[in-house]
Amino acid sequence: MTVRILPFGDRALLAEVADLGAMLSLHGRLAASRPAGVVDLVPAARTVLVAVDPAVLSLAAARAWIGDAAGAGGADVMGDAVGAGADPTGPLVELPIVYDGADLAETAGLVGLGTAELAARHAAAEWSVAFTGFAPGFGYLVSADWPFPVPRLDRPRSRVPAGAVGLAGPFTGAYPRSSPGGWRLIGTTSAVLFDPAAATPALLQPGTRVRFRPAPALPASAPALAAPYAPAAPSAPSLAARPRPCTETPEARRGLGAATTSRRVGTPAGRIRVLTPGPLATVQDQGRPGALAAGVAVSGAADRAALRIANRLVGTDERAAGVEITLGGFRAVWDAAASGPDTDLWFAVTGAWGAIRLGGRAVDPYVAHPWPSGAELEIDGFDHGARAYLAVRGGIAASAVLGSRATDTLAGLGPAPLAAGATLAPAGDVTGPVPPADLHPWGPPPGEVEVALAPGPRADWFASSSPLFDAVWTVSPQADRVGIRLDGPALPRVRDDELPSEGMLPGAIQVPPDARPVILGPDGPVTGGYPVIAVVTDAARDLLAQARPGTRIRFRHARPA
């Protein structure tokens with residue numbers, strides 16, 4: 001098997017083969033010989049994305065492993081790969097479908113069929129899940145019985161309803177949740193395609209056989225597929241002049257209970273009551289790596305280091321959940337479950353720079369403070385940076401989805417974004433006493449950041465004179481946890497091919513047809529069809545978390561490891 005191994009940043013490689021059948025063969029070999037240190041294996045149309053933990057497995061060792069797997073003995077599936085690799089013994093799933101899609105008639109005309117004939121051919125085919133991605137539970141289905149490649153829409157829909165069944169290229173697939181999409185819609189299914197509470201959350205796994213069973217109408221009792229919450233791209237609130245950071249001594253803070261509260265190991269019972277969440281506040285931890293192949297994004301804190309520091313300041317496990325606050329405007333009250341001397345809740349705020357007040361008095365960021373019951377904590381609009389992190393002793397309690405409490409704003413996994421009236425309880429992720437020293441260095445995030453880039457797999461799709469490293473880019477108002485669109489010069493392409501979908505990671509810089517770069521965020525899609533010119537290094541991703549609309553960005557080449 002011939003494999004081309006391409007760089008994908010400083011923590012991944014992209015193995016490219018000739019076609020879908022060869023990809024299935026390679027993915028099977030890699031999965032069967034997977035060494036320690038491989039975090040994710042993400043199959044796609046002609047590629048397998050291999051994400052690694054370089055502390056365990058170096059990229060050089062991963063490259064050698066991929067090469068050995070590609071050269072190993074065994075039958076390859078090459079040539080016409082549509083439907084290739086299907087396991088005739090794989091589990092069979094039947095999906096009820098009503099052929100009522102908005103694009104049914106137009107799609108039938110594109111492939112030279114009538115609408116009834118297209119529906120009949122689609123239902124008669126036996127499909128197989130070649131790979132999953134794009135969204136949790138979304139399977140890319142192929143069939144040797146389906147000879148009709150269908151072009152994607154010229155302009156993707158901003159919202160495709162949950163349960164919609166579509167066609168694109170040689171694939172068919174069903175949308176597990178309401179989401180953007182450019183597939184041509186031919187029908188609707190009532191099947192629950194992704195249930196995060198199930199032992200196997202995704203109904204459609206690679207290798208699963210699928211048949212569509214026509215139904216006269218969707219049953220009225222069909223389980224509802226809830227649309228995800230879709231927070232608007234944050235825009236900066238009006239920011240008035242803010243007070244300078246508090247420089248009070250610990251003795252001066254005794255009015256807030258610092259002198260009478262011990263830095264104990266336990267944490268009190270009670271609830272944090274949210275009064276106002278600001279533009280967007282979500283529960284985040286260090287994310288859920290290892291689930292990309294199921295279409296589940298890494299998610300987690302955008303500024304991972306800031307959340308880790310906040311947790312350490314209150315004696316909490318670095319991996320514990322906290323609250324990510326976008327652009328400030330957050331207010332909450334701690335309500336202890338009982339009265340007494342040990343009811344204060346320790347907290348710390350890190351990340352973006354803005355005024356913080358507890359009980360009406362200014363307090364410092366990057367310092368642990370006791371939060372008396374009944375006192376209001378106010379994290380005002382930020383003067384610098386985009387995201388602050390509120391950590392409380394013990395972490396934030398929330399149900400884990402695939403091992404993480406993180407909110408995924410694109411897929412709708414994890415706790416819902418916080419709203420006025422929401423309550424949060426401390427968890428038990430305590431590691432020891434609250435550290436006695438408040439010495440962590442801190443300062444405002446800069447208004448212009450320099451971001452290190454490692455090579456991307458499709459850099460050769462762009463002109464050598466590309467201004468990527470020469471221009472000063474500006475974060476546009478289209479910036480959120482899914483991605484950051486940059487304003488600046490065009491990045492001209494030297495290839496006009498349509499790129500088959502391939503795996504993506506946070507920090508990947510995609511270049512869509514308008515030639516302006518988009519940096520994928522922690523909630524970004526796990527597969528994509530736009531070429532990746534470069535990838536933000538893992539260490540530099542935290543800098544981007546604090547880039548708000550208007551922030552200037554310069555890119556530089558990452559130093560060799």
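In what follows, residues are counted from 1 in the order of the sequence shown.
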What's the shortest heavy-atom distance between [X] and [Y], and which atoms?
X      : Y      : result
Val475 : Ala547 : CG2-CB, 3.8 Å
Arg211 : Ala124 : NH1-O, 3.0 Å
Ala108 : Leu118 : CA-CD1, 3.6 Å
Pro214 : Tyr99  : CG-CE1, 4.2 Å
Tyr530 : Pro513 : CE2-CD, 3.4 Å
Tyr140 : Ser501 : OH-OG, 4.0 Å

Checklist entry - For the residue pair Trp127 and Trp146, does the interplanar ring angle fall in the parallel (under 30°), tilted (30 to 60°) or perpendicular (over 60°) class? => result tilted
Checklist entry - For Thr409 and Asp523, does a side-chain donor sit closer than 3.5 Å to a side-chain acceptor? => result yes
Checklist entry - Just by distance, with hydrogens left out, do Ser404 and Asp285 show a side-chain donor and acceptor under 3.5 Å apart? => result yes
So does [Y] get a backbone contact from the side chain of [X], meaning a donor-acceptor N/O pair under 3.5 Å?
X      : Y      : value
Glu324 : Gln284 : no
Asp145 : Glu126 : yes
Arg288 : Ala406 : yes
Thr189 : Ile97  : no
Arg516 : Val511 : no

[atom2] on [Y] to [atom1] on [X], rounded to 0.5 Å:
X      : Y      : atom1 : atom2 : answer
Thr282 : Arg387 : OG1   : CZ    : 8.5 Å
Thr132 : Gln205 : OG1   : CD    : 7.0 Å
Thr107 : Phe148 : OG1   : CZ    : 12.5 Å
Asp480 : Leu280 : CG    : CG    : 8.5 Å
Thr537 : Arg559 : OG1   : CZ    : 10.5 Å
Leu24  : Ser128 : CG    : OG    : 7.5 Å

Under 4.5 Å between any side-chain heavy atoms of [X] and [Y], yes or no?
X      : Y      : value
Leu59  : Val52  : yes
Pro216 : Val98  : no
Pro492 : Phe462 : no
Ser179 : Arg157 : no
Ile553 : Val472 : no
Ser476 : Leu486 : no
Ile509 : Pro517 : yes
Thr527 : Met504 : no

Less than 4.0 angstrom from a charged side-chain N to a carboxylate O is my criterion; do [X] and [Y] meet it?
X      : Y      : value
Arg304 : Asp542 : yes
Asp497 : Arg495 : yes
Glu94  : Arg213 : yes

Check: residues 63-72 side-chain donor-acceptor pairs under 3.5 Å, at least two apart:
| residue | atom | partner | partner atom | Å |
| --- | --- | --- | --- | --- |
| Arg63 | NH1 | Ile5 | O | 3.3 |
| Trp65 | NE1 | Ser33 | O | 3.1 |
| Trp65 | NE1 | Ser33 | OG | 3.0 |

For residues 36-51, dump all side-chain donor-acceptor pairs below 3.5 Å to protein atoms at least two apart in sequence or in another chain.
| residue | atom | partner | partner atom | Å |
| --- | --- | --- | --- | --- |
| Asp40 | OD1 | Ala291 | N | 3.4 |
| Asp40 | OD1 | Leu292 | N | 3.1 |
| Asp40 | OD2 | Gly290 | N | 3.0 |

Item to check | Test log, rule side chain to side chain contact (heavy atoms under 4.5 Å, CB included), inputs Leu185 and Val165 | outcome: CA-CA 6 Å; Leu185 307 183; Val165 177; over 6 Å; no
Item to check | Pair Thr172-His122, side chain to side chain contact (heavy atoms under 4.5 Å, CB included): steps then yes or no | outcome: CA-CA 9 Å; Thr172 193; His122 186 265; 3.0 Å; yes
Next on the checklist: So that I know where these two stand, are Phe171 and Phe131 an aromatic pair - ring centroids less than 6.0 Å apart?
Outcome noted: yes
Item to check | Pairwise side chain to side chain donor-acceptor pair (under 3.5 Å) hits with a residue in residues 453-468, at least two apart | outcome: Arg4-Asp460, Glu16-Arg458, Arg458-Glu502
Item to check | Derivation of the side chain to side chain donor-acceptor pair (under 3.5 Å) call for Asp100 and Thr188 | outcome: CA-CA 7 Å; Asp100 60 355; Thr188 309; 2.8 Å; yes
Item to check | For Arg541, salt bridge (Lys or Arg N to Asp or Glu O under 4.0 Å) partners two or more places apart | outcome: Asp538
Checklist entry - Mind checking what makes salt bridge (Lys or Arg N to Asp or Glu O under 4.0 Å) contact with Asp470, not counting sequence neighbours? => result none
Checklist entry - Leu453 and side chain to side chain contact (heavy atoms under 4.5 Å, CB included): which partner among Leu468, Ile533, Val535? => result Leu468
Item to check | Over 12 foreign heavy atoms within 6.0 Å of CZ, Arg493 | outcome: yes
Item to check | Residues Arg485, Asp514; criterion salt bridge (charged side-chain N to carboxylate O under 4.0 Å, His left out); working and verdict | outcome: CA-CA 11 Å; Arg485 184 176 295 276; Asp514 67 2; 3.2 Å; yes
Checklist entry - Does the pair Leu413 and Val296 meet the rule for a side chain to side chain contact (heavy atoms under 4.5 Å, CB included), with working shown? => result CA-CA 9 Å; Leu413 297 182; Val296 178; 3.7 Å; yes
Next on the checklist: Can you list everything that forms a side chain to side chain donor-acceptor pair (under 3.5 Å) with Arg34? Sequence neighbours excluded, please.
Outcome noted: none
Item to check | Evaluation steps, side chain to side chain contact (heavy atoms under 4.5 Å, CB included), between Glu106 and Arg184 | outcome: CA-CA 9 Å; Glu106 182 181 0; Arg184 295 183 183 270; 3.5 Å; yes
